[in-house]
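Lettering follows sequence order; numbering is per chain, from 1.
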Number of protein chains: 2
Amino acid sequence: MVTKEEDFSKFQRPAIAVDVVVFTIKDGDLRVGLIEREEEPFLGKHALPGRFVRYDEPIEETAKQALKLKANINPHVVFLEQLYTVGQDLRRDTRIRTISIVYYGLVESNKIDFQPGQKFHWHSIYNLPVLAFDHKNIIEYAIKRLRKKVIESDFAFQLMPEEFTLTELQRAYEIILNEKQDKRNFRKKLFELKVVKALHKKKMEGAHRPAELFSFVRRK
Amino acid sequence: MVTKEEDFSKFQRPAIAVDVVVFTIKDGDLRVGLIEREEEPFLGKHALPGRFVRYDEPIEETAKQALKLKANINPHVVFLEQLYTVGQDLRRDTRIRTISIVYYGLVESNKIDFQPGQKFHWHSIYNLPVLAFDHKNIIEYAIKRLRKKVIESDFAFQLMPEEFTLTELQRAYEIILNEKQDKRNFRKKLFELKVVKALHKKKMEGAHRPAELFSFVRRK
DNA sequence: TCAAAAGTGTTCTACCTACACCCATGT
DNA sequence: ACATGGGTGTAGGTAGAACACTTTTGA
């Protein structure tokens with residue numbers, strides 16, 4: 001890291017935390033997971049699940065622990081990726097100088113079971129509550145990056161169940177990007193990119209032609 | 001940051017540093033700035049300029065101080081952008097658990113004056129010395145991201161002088177991307193994007209037709 | 001007048017966009 | 001037989017790729 005040896009104990013270290021912007025699709029809406037704070041600062045405001053990085057904890061593990069302990073989410077069902085590190089504003093946490101490594105997480109909403117009375121809830125990105133710290137900015141940035149990622153990669157699959165119909169997948173894209181997609185073009189592109197494979201199973205549902213089920217093909 | 005108040009003093013904090021991958025174009029080559037280490041660990045090996053984040057120092061300021069103090073570069077002439085935060089491997093720094101926020105910096109090589117005997121030097125990315133810590137990986141990742149950025153934005157301007165000819169700019173792109181560009185297509189694209197403006201000045205040099213000088217137009 | 005780099009246009013191709021009709025099912 | 005969402009093909013436009021010759025200067 002540093003070229004010249006420095007006396008590490010001579011100066012106070014900033015605290016370092018991980019915050020996670022967890023996204024899901026639920027009730028036709030893109031939602032983020034937030035926790036209602038139970039103490040100062042920002043008592044009663046909503047915040048991203050986060051956690052200080054322990055001395056012997058890899059940062060992705062910190063992100064997973066935050067999900068588990070703060071949001072009661074099993075980290076194994078969440079797709080996690082590092083986003084950005086916030087450390088410009090010295091007073092973003094009023095208690096202590098804190099640098100925060102932000103991750104985003106994608107999860108299929110019905111992989112999560114809620115317990116009654118828990119403090120973690122989903123909020124539509126179009127109707128966010130008042131947020132603690134600089135978490136509003138962080139969420140907005142995460143949404144921008146999520147959309148970019150979705151356009152240029154397989155990203156949206158992380159929000160889908162194992163088996164899905166193409167219409168369901170298209171809906172997910174539309175919800176994330178907040179714009180209608182053309183059915184024929186959408187499918188053409190999927191097949192060109194070879195990211196889905198037909199399972200030769202039908203999803204029977206409703207008074208109409210049954211839809212073919214597909215699953216995601218991981219790309220090399 | 002964190003939802004539930006925690007006793008910050010209860011656990012030891014990891015150290016947090018900033019490392020900067022400084023790029024320049026020199027002698028027809030893409031180069032990174034490295035420092036030869038003067039102590040253990042990795043004595044004699046080369047490393048990126050870096051610095052621990054002070055308690056009251058914004059992280060970008062840490063990056064700038066690293067450039068100034070370790071590389072003797074005036075931070076004002078460097079374009080800086082955050083890249084990624086490395087904190088998975090607990091032993092990447094053998095002395096202490098260190099999380100490192102990596103920035104890349106772009107600088108025009110002749111904005112920098114070297115002092116005799118200094119430890120900071122430019123190294124071609126095609127001929128890197130043995131590197132300390134995990135700095136080889138970091139540099140490789142930075143190159144990948146630099147190329148991506150150059151393709152989809154104005155990035156390369158950060159490596160150019162105030163006034164330049166289109167051939168010089170094209171050379172910069174070719175050096176970064178390591179592939180030839182077509183002169184006509186290159187210019188067509190530049191004009192379509194309206195990122196350069198003609199200065200109606202000529203650069204007379206050599207036994208051939210003089211080239212028009214251009215400067216960069218910052219986009220809205 | 002020659003060498004050396006500057007400057008300039010057109011054609012072909014591939015991909016993206018827009019768009020409308022038939023199909024299989026439940027009621 | 002009708003309502004509902006599932007499934008498919010084609011034509012036009014646009015942006016990127018390939019490609020060669022004329023111009024201006026210094027020696």
Side-chain angles (χ1 to χ4, degrees), chain A residues 25 27-28 147-154 156 160-161 163-217 219, chain B residues 25 27-28 147-156 160-161 163-216 219:
Chain A
I25 289 176
D27 304 330
R147 287 186 171 145
K148 205 174 156 194
K149 273 274 187 182
V150 161
I151 290 170
E152 59 195 35
S153 79
D154 300 346
M160 301 300 295
E163 306 187 342
F164 50 84
T165 70
L166 296 186
T167 302
E168 286 163 0
L169 182 60
Q170 185 179 336
R171 281 294 294 140
Y173 272 84
E174 289 173 343
I175 288 165
I176 295 169
L177 300 176
N178 199 25
E179 69 184 26
K180 268 221 133 3
Q181 303 292 116
D182 179 273
K183 196 186 352 178
R184 283 158 289 191
N185 296 338
F186 182 79
R187 287 167 186 231
K188 199 192 309 170
K189 200 167 170 183
L190 283 177
F191 295 139
E192 271 167 12
L193 295 176
K194 296 191 172 68
V195 286
V196 288
K197 68 159 183 282
L199 298 174
H200 307 292
K201 289 195 274 183
K202 301 283 180 198
K203 177 167 187 171
M204 310 287 258
E205 175 189 67
H208 55 82
R209 176 173 175 175
E212 177 91 42
L213 281 165
F214 288 80
S215 72
F216 171 42
V217 179
R219 282 201 283 171
Chain B
I25 288 176
D27 304 330
R147 288 186 170 144
K148 205 174 157 194
K149 272 273 186 182
V150 161
I151 290 169
E152 60 196 34
S153 80
D154 301 346
F155 228 58
M160 301 301 294
E163 306 187 343
F164 49 84
T165 70
L166 296 186
T167 302
E168 286 163 359
L169 181 59
Q170 185 179 334
R171 280 296 293 141
Y173 272 84
E174 289 173 345
I175 288 165
I176 296 167
L177 300 176
N178 200 24
E179 69 184 26
K180 267 220 135 1
Q181 303 291 115
D182 178 90
K183 194 180 2 172
R184 284 158 291 190
N185 295 337
F186 183 77
R187 288 168 186 231
K188 200 192 309 169
K189 198 166 169 183
L190 283 177
F191 296 138
E192 272 166 12
L193 296 175
K194 297 192 174 64
V195 287
V196 288
K197 68 161 182 282
L199 298 174
H200 306 293
K201 289 196 276 184
K202 301 282 179 196
K203 177 167 189 173
M204 311 286 260
E205 178 190 66
H208 55 83
R209 177 171 177 174
E212 177 93 41
L213 281 166
F214 288 80
S215 72
F216 171 41
R219 281 199 283 173

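Taking only side-chain atoms of B:N185, from C-beta outward, the nucleotide of C:dT25, D:dT8, C:dG9 with the closest atom is C:dG9. Of the candidate nucleotides C:dA18, D:dG26, C:dG9, D:dG26 has the atom nearest to the side chain of B:M204. The nucleotide whose nearest atom lies closest to any side-chain atom of B:A211 is, among C:dA6, D:dG7, C:dA18, C:dA6.
When the P atom of D:dG6 is taken as reference, atom CD of A:Q170 falls 9 Å away, rounded to whole Å. If you take CZ of A:R209 and P of D:dG6, they are 10 Å apart, rounded to a whole angstrom. Counting to the nearest Å, the P atom of D:dT8 and the CZ atom of A:F191 are 6 Å from each other. Distance A:E152 CD to C:dC16 P: 13 Å, rounded to the nearest Å. Summarising the geometry, the separation between CG on A:L169 and P on D:dG7 is reported as 12 Å, rounded to the nearest angstrom. Atom CD in B:E192 sits roughly 14 Å away from atom P in C:dG9 (whole-Å rounding). To the nearest angstrom, P of D:dG7 lies 10 Å from CD of A:E168. Residue B:K203 contributes atom NZ, which lies 19 Å from atom P of C:dA4 at whole-angstrom precision.
For the pair A:A207 and B:L166, nearest-nucleotide mapping onto DNA chain C gives the more 5' position to B:L166. Comparing A:K188 and A:K202 by the nucleotide of DNA chain D that holds the closest heavy atom to each, the one mapping nearer the 5' end is A:K202. Nearer to the 5' terminus of DNA chain C, by closest-nucleotide assignment, is the contact made by B:P210 (compared with the other of A:E205 and B:P210).
Scanning for salt bridge (Lys or Arg N to Asp or Glu O under 4.0 Å) contacts around B:K148 gives A:E152, with sequence neighbours left out. Listed by chain and number, the residues in a side chain to side chain contact (heavy atoms under 4.5 Å, CB included) with A:A198 are A:H200, A:E212, A:F214 (sequence neighbours excluded). Judged as a side chain to side chain contact (heavy atoms under 4.5 Å, CB included), and not counting sequence neighbours, the contacts of B:I151 are B:L177. For B:R171, the side chain to side chain contact (heavy atoms under 4.5 Å, CB included) criterion is met by B:E174, B:I175, not counting sequence neighbours. For B:K203, the side chain to side chain contact (heavy atoms under 4.5 Å, CB included) test picks out B:T165, B:E168, B:E205, B:L213, with sequence neighbours left out.
Between C:dA5 and B:T167, no contact under 4.0 Å exists linking OP1 or OP2 to a side-chain N or O.
If you check every strand for non-hydrogen atoms under 4.0 Å, B:E212 touches sugar and phosphate atoms only.
Nearest approach of B:Y173 to B:A156, heavy atoms of both residues: CE1-CB, 3.6 Å.
Within residues 171-184 of chain B, the residues that have a heavy atom under 4.0 Å from DNA chain C are, in order of number, B:K183, B:R184.
To the nearest 0.5 Å, atoms NZ (B:K183) and NZ (B:K180) are separated by 10.5 Å.
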